[in-house]
Enquirer: 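Dropping the structure in here first, questions after.
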Amino acid sequence: LTASMEALIQALRKLPGVGPRTAERYVFYLLSHPSNIAQELSEAILRVKQAIGFCGTCFNLADGDTCTFCRDPGRDPSVVCVVEDHRSIRAMEKSGGYKGLYHVLLGAISPLDGIGPKDLRVPELKARVKAGGIREVSSWNEHDSAITISTDSARPINESFMRPRCWCRGGSGRRRS
């Protein structure tokens with residue numbers, strides 16, 4: 001293999017699920033097809049990297065300042081589902097039953113790695129609730145059922161809610177009483 005082919009194989013191997021054989025197949029595929037396929041692929045990758053950022057409200061992926069869920073007038077803004085990452089939203093949306101908004105933490109609490117609530121988007125979630133208009137906050141991941149609390153009570157969302165086990169790597173998803 002040439003040095004440029006090896007470089008592309010190594011670059012492709014950085015993608016999740018792409019091992020050396022798959023990367024090599026991709027390289028040979030690109031070489032055996034018209035150049036426009038490689039051009040379209042590289043342009044699409046660059047467009048996504050340049051255009052996609054985070055929603056200023058919920059931290060979901062967005063192609064502008066606000067994501068499609070926060071812009072959707074058919075969504076219930078008084079209900080917020082807290083998820084670890086963007087993949088959880090896709091899984092939740094496939095169920096078809098949820099019509100509220102989301103709040104993406106952009107990670108999981110991991111005390112062993114020194115990652116706590118302040119390292120995620122928990123302060124922003126607290127600010128959203130404090131600003132008013134949210135009556136229910138749930139957390140969910142694709143392996144466990146939802147945990148729901150009402151914000152109608154006089155008690156604010158407390159730190160114990162901000163540390164449910166379902167947000168922790170390796171946690172069972174069950175909340176301790």
Side-chain angles (χ1 to χ4, degrees), residues 1-72 75 80-122 124-125 138-147 163-174:
L1 299 175
T2 69
S4 59
M5 291 171 67
E6 283 291 344
L8 181 53
I9 288 170
Q10 292 308 313
L12 290 169
R13 286 187 63 193
K14 293 176 184 175
L15 296 172
V18 179
R21 285 186 169 167
T22 301
E24 193 173 294
R25 270 195 298 273
Y26 290 161
V27 169
F28 285 121
Y29 175 85
L30 291 169
L31 290 172
S32 66
H33 285 77
S35 294
N36 68 321
I37 292 175
Q39 184 72 32
E40 288 173 18
L41 177 62
S42 64
E43 287 173 3
I45 291 170
L46 288 173
R47 265 193 314 275
V48 164
K49 286 300 288 178
Q50 292 167 351
I52 304 298
F54 295 120
C55 175
T57 303
C58 73
F59 302 98
N60 186 20
L61 296 174
D63 56 3
D65 293 335
T66 309
C67 74
T68 56
F69 300 112
C70 290
R71 285 192 307 254
D72 185 349
R75 295 274 174 171
V80 174
C81 182
V82 180
V83 295
E84 182 178 318
D85 58 30
H86 313 99
R87 291 175 297 233
S88 298
I89 291 177
R90 284 187 55 89
M92 189 85 166
E93 287 297 305
K94 285 181 184 177
S95 74
Y98 183 70
K99 298 300 179 202
L101 297 179
Y102 294 97
H103 189 87
V104 183
L105 293 176
L106 299 176
I109 294 172
S110 179
L112 294 176
D113 296 326
I115 300 171
K118 288 182 174 69
D119 300 310
L120 304 174
R121 295 298 183 176
V122 174
E124 290 87 348
L125 173 60
S138 302
S139 70
W140 183 89
N141 69 35
E142 54 193 300
H143 306 292
D144 301 298
S145 57
I147 298 169
R163 287 190 292 261
R165 291 187 68 216
C166 68
W167 293 348
C168 297
R169 277 192 199 99
S172 68
R174 306 291 183 252

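For clarity, every value in this text was computed on a predicted model and none was experimentally measured.
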Enquirer: Measuring from L61:CG to R90:CZ, what's the distance to the nearest 0.5 Å?
Expert: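 The CZ atom of R90 is 10.5 Å from CG of L61, to the nearest 0.5 Å.
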Enquirer: Taking all heavy atoms of G56 and all of F59, pick out the closest pair and write down the distance.
Expert: O-CZ, 4.5 Å
Enquirer: Would you check if the side chain of H103 reaches a backbone N or O of R121 as a donor-acceptor pair within less than 3.5 Å?
Expert: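 Such a contact is found between H103 side chain and R121 backbone.
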Enquirer: Taking only residues two or more places apart in sequence, or in another chain, which ones meet E24 in a salt bridge (Lys or Arg N to Asp or Glu O under 4.0 Å)?
Expert: none
Enquirer: Nearest 0.5 Å, what's the CD1-SG distance between I89 and C58?
Expert: 6.0 Å
Enquirer: Walk me through whether E93 and R75 qualify under salt bridge (Lys or Arg N to Asp or Glu O under 4.0 Å).
Expert: CA-CA 12 Å; E93 287 297 305; R75 295 274 174 171; 2.7 Å; yes
Enquirer: Looking at D65, I'd like to know if its CG atom is crowded, meaning that more than 12 non-hydrogen atoms belonging to other residues, nucleotides or ligands lie closer than 6.0 Å.
Expert: no
Enquirer: Suppose we screen for side chain to side chain contact (heavy atoms under 4.5 Å, CB included). Which residues come up paired with R47, at least two apart in sequence or across chains?
Expert: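 R47 satisfies side chain to side chain contact (heavy atoms under 4.5 Å, CB included) with E43, A44 once adjacent residues are dropped.
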Enquirer: Less than 6.0 angstrom separating the ring centers of F69 and Y102, yes or no?
Expert: yes
Enquirer: Looking at A62 and C55, what are the two nearest heavy atoms and their distance?
Expert: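 What the structure gives for the nearest pair is CB-N, 3.9 Å.
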Enquirer: Write down the atom of I9, the atom of A23, and the distance for their closest heavy-atom approach.
Expert: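 Heavy atoms only, the tightest pair is O-CB, 3.6 Å.
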Enquirer: Is the closest basic N to carboxylate O distance between K118 and E124 below 4.0 Å?
Expert: no
Enquirer: Drop me the distance from D85's CG to N60's CG, to the nearest 0.5 angstrom.
Expert: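 Result: 10.0 Å between the selected atoms.
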Enquirer: Distance check, rounded to the nearest 0.5 Å: C81 atom SG versus K99 atom NZ?
Expert: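 Nearest 0.5 Å value for the SG-NZ distance: 13.5 Å.
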Enquirer: Under a plain distance cut-off of 3.5 Å, with no hydrogens placed, do T68 and R71 share a side-chain donor-acceptor pair?
Expert: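 Result is no, nothing qualifies.
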Enquirer: Looking at every heavy atom in both E6 and L1, which two are closest together, and how far apart are they?
Expert: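 Minimum heavy-atom separation between E6 and L1: OE2-CD1, 3.3 Å.
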Enquirer: Checking D119 side chain against G116 main chain: does a donor-acceptor pair fall under 3.5 Å?
Expert: yes
Enquirer: CG of D63 to CD1 of I52: how many Å apart, nearest 0.5 Å?
Expert: 5.0 Å
Enquirer: Using side-chain contact (heavy atoms from CB on, under 4.5 Å), reason through H86 and F54 one step at a time and then give a plain yes or no.
Expert: CA-CA 10 Å; H86 313 99; F54 295 120; 3.7 Å; yes
Enquirer: How many angstroms lie between CD in E84 and CG in L105, if you round to the nearest 0.5 Å?
Expert: 7.5 Å
Enquirer: Could I get the full list of salt bridge (Lys or Arg N to Asp or Glu O under 4.0 Å) partners for E40, not counting sequence neighbours?
Expert: none
